[in-house]
Chemist: 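Before we start, here is the structure in question, set down as structure tokens.
Because the structure is a prediction, the values reported are computed rather than measured.
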Amino acid sequence: MNREYYGKIIFELSKPGRRGASIPKNGCPDAMTAIPEALKREAEPELPEVDELSVVRHYTNMSNNNFGVDTGFYPLGSCTMKYNPKINEEMSSLAGFSGIHPYQPAETVQGALEAYWTLQTMLSEIGGMYEFTLNPFAGAHGELTGLMIIRAYHESRGDTKRTTVIVPDSAHGTNPASAAVAGLKVVEVKSLPDGTIDVDALRPLLDDTVAAVMMTNPNTAGIFESRVKEIADMVHAAGGLMYYDGANLNPMLGIARPGDMGFDVMHINLHKTFSTPHGGGGPGSGPVGVRKGLEQFLPNPRVVKNPDGTFSLECGDDACGNVSATLGNFGVELRALAYILSLGKSGLAHVGPLATLNANYIKQSLRDLYLLPIDRVCKHEFVFDGLKDKSTGVTTLNVAKRLLDYGFHAPTIYFPLLFHESLMIEPTETESKETLDEFIDVMKKIAVEAKENPDSVKSAPHSTPISRPDDTQAALNPVVTFKDLKSTK
């Protein structure tokens with residue numbers, strides 16, 4: 001890229017008096033006269049002055065700097081960055097869906113409500129639950145909703161002292177955060193070296209204050225919790241409920257259902273498991289499912305199918321409340337429905353096995369050069385503890401930066417916290433063997449570089465528009481305006 005032109009930000013391309021188009025007056029009264037003086041600007045906004053062609057080139061070139069699943073391999077562990085088929089976009093863009101208003105009368109949006117009800121029914125079957133709500137806007141929002149349901153359940157029974165949530169030390173960070181936001185106390189349970197829950201450490205924690213135990217299965221290290229039924233029986237015997245963090249549901253598709261494992265409440269990340277857009281803060285969706293006996297606590301409103309085949313919205317007095325203004329991110333829900341219908345039951349049954357196959361293929365191919373702390377068959381993801389040869393001084397961060405030079409996005413790094421140099425890789429089922437082989441070859445090449453020319457890895461990336469920014473300063477003192485940028489030069 002030519003930094004002298006294409007790498008400049010839009011304000012640097014600005015020239016006084018330059019315009020893209022001149023639109024004639026429309027003859028309507030000036031809208032500014034209706035705005036109170038106190039709300040009007042004292043000066044014109046400081047916007048860049050550029051022609052249309054410069055704007056088009058600027059944003060086109062900016063978009064080419066973005067990395068995503070549509071541009072390359074994105075092996076982000078614990079986030080399941082799978083391809084979003086374009087038919088999903090086409091279906092969600094149909095005028096009958098995109099042109100409606102969320103507050104239209106139910107009788108005028110029967111098709112939309114049927115789509116919603118169909119998806120929640122399918123997710124119930126997939127998850128082994130009795131009923132789902134699609135209202136939560138994201139995975140963490142789903143966690144909060146699920147914990148609100150659990151709290152409402154205990155309170156409905158007069159069991160108000162159950163305010164403790166047990167979370168494994170290997171859990172996603174949203175688990176303890178969601179519990180705290182829900183007003184619950186978080187207690188940590190230790191994991192074994194393979195990341196699975198230490199059942200002996202869990203047992204003494206199960207007293208009469210426990211509201212729930214939160215788990216993801218497979219766990220964050222990609223290992224299946226083989227004692228999950230035993231754990232569920234222990235928690236239920238103590239009067240608590242089991243919550244399933246659905247972030248790692250992808251390898252379970254076609255193999256096992258959380259409801260059958262003993263979980264009472266779960267959320268699903270539609271943007272992970274069911275291929276809808278992911279990243280950049282949204283859009284997302286975190287549907288929550290519950291076992292029979294908990295459905296009355298699902299948030300309002302609920303979409304129900306009437307005896308005559310029509311659909312309507314229902315609000316219940318026992319509901320945990322409202323968690324969204326309407327019915328969640330409807331466009332994202334439609335994409336997930338299109339994905340499920342496209343694959344069908346037989347297609348979905350191949351997702352988990354293929355994701356597991358891909359992960360194990362990469363793991364076995366790289367284990368001689370990267371340190372494998374858990375030497376077991378993994379599920380959808382696995383964790384290396386950095387390079388095997390520690391004498392080079394090349395860190396996991398260095399490996400991640402060097403990958404960018406070869407056109408690959410870095411895997412998740414320094415998580416889970418079980419290992420000092422964690423490098424978590426999740427290929428998903430949508431990547432071909434050719435792509436996996438290219439990634440494996442590059443990872444091997446980086447390992448060789450780390451030994452023969454470590455400085456080339458430590459100073460990477462070399463081919464990106466920005467090389468190695470100060471990550472700490474970028475977070476603490478972000479440059480968010482052109483004035484700030486000029487003052488730093």
Chemist: Would you check if there is a donor-acceptor pair between the side chains of E429 and N358 at a distance under 3.5 Å?
Modeler: no
Chemist: Report yes or no: do Y116 and N135 form a side-chain donor-acceptor pair below 3.5 Å?
Modeler: yes
Chemist: Please tell me whether N398 and T395 have a donor and an acceptor in their side chains that are separated by less than 3.5 angstrom.
Modeler: yes
Chemist: Does I87, at its CD1 atom, have more than 12 non-hydrogen atoms belonging to other residues, nucleotides or ligands within less than 6.0 Å?
Modeler: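 It does not: I87 CD1 has 12 such atoms or fewer within range.
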Chemist: Does K161 form a salt bridge (Lys or Arg N to Asp or Glu O under 4.0 Å) with D207? I'd like the steps, not just the answer.
Modeler: CA-CA 11 Å; K161 62 185 175 183; D207 57 24; over 6 Å; no
Chemist: Using modelled atom types only, decide if a donor and an acceptor are shared between the side chain of D385 and the backbone of E421 within a distance under 3.5 Å.
Modeler: yes
Chemist: Heavy-atom count around Y59 OH within 6.0 Å, excluding the residue itself: above 12?
Modeler: no
Chemist: Parallel under 30°, tilted from 30 to 60°, perpendicular over 60°: which one fits the rings of F73 and F408?
Modeler: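 Perpendicular.
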Chemist: I'd like to know if the side chain of H172 pairs up with that of S78 as donor and acceptor (distance under 3.5 Å, no hydrogens or angles considered).
Modeler: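 Short answer, yes.
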Chemist: What's the spacing between E230 CD and E225 CD if we round to 0.5 Å?
Modeler: 11.5 Å
Chemist: Can you label the angle between the Y103 ring and the H101 ring as parallel, tilted or perpendicular, going by 30° and 60°?
Modeler: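 Aromatic pair Y103/H101 classed tilted.
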Chemist: Around atom NZ of K390, are there more than 12 heavy atoms of other residues, nucleotides or ligands at under 6.0 Å?
Modeler: yes
Chemist: If you apply the rule side-chain hydrogen bond (donor to acceptor under 3.5 Å, both in side chains), what do you find for D405 with S463, and how did you get there?
Modeler: CA-CA 6 Å; D405 286 328; S463 61; 2.9 Å; yes
Chemist: Check whether any side-chain N or O of N300 sits under 3.5 Å from a backbone N or O of N322 as a donor-acceptor pair, and report yes or no.
Modeler: no
Chemist: Report the distance from atom CG of L366 to atom CD1 of I425, rounding to the nearest 0.5 Å.
Modeler: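 If we round to the nearest 0.5 Å, L366:CG and I425:CD1 are 6.0 Å apart.
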Chemist: Within the distance-only criterion (no hydrogens, no angle test), does the side chain of E131 pair as donor or acceptor with the backbone N or O of R302 below 3.5 angstrom?
Modeler: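 No, because the side chain of E131 does not come within donor-acceptor range (under 3.5 Å) of the backbone of R302.
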Chemist: When you measure from the side chain of S92 to the backbone N and O of R335, does any donor-acceptor pair fall under 3.5 Å?
Modeler: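 Side chain of S92 to backbone of R335: no pair is present.
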Chemist: Please report the interatomic distance CG(N250) to NE2(H380), rounded to the nearest 0.5 Å.
Modeler: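 Reported value, rounded in 0.5 Å steps: 7.5 Å.
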Chemist: Considering residues, nucleotides and ligands other than I466, do more than 12 of their heavy atoms fall under 6.0 Å from its CD1?
Modeler: no
Chemist: Is a side-chain donor or acceptor of Y153 paired with a backbone partner of G293 at a separation under 3.5 angstrom?
Modeler: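 Side chain of Y153 to backbone of G293, a donor-acceptor pair under 3.5 Å: no, none is there.
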Chemist: Enter the distance from T196:OG1 to I223:CD1 here, rounded to the nearest 0.5 Å.
Modeler: 8.5 Å
Chemist: Tell me whether K82 contacts the main-chain N or O of T273 through its side chain, where contact means a donor paired with an acceptor under 3.5 Å.
Modeler: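 Confirmed, K82 side chain pairs with T273 backbone.
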Chemist: Determine, step by step, whether Y83 and N88 satisfy the side-chain hydrogen bond (donor to acceptor under 3.5 Å, both in side chains) criterion, reporting the C-alpha distance in whole Å, the side-chain angles of both residues, the deciding distance to 0.1 Å, and the verdict.
Modeler: CA-CA 11 Å; Y83 174 66; N88 298 0; over 6 Å; no
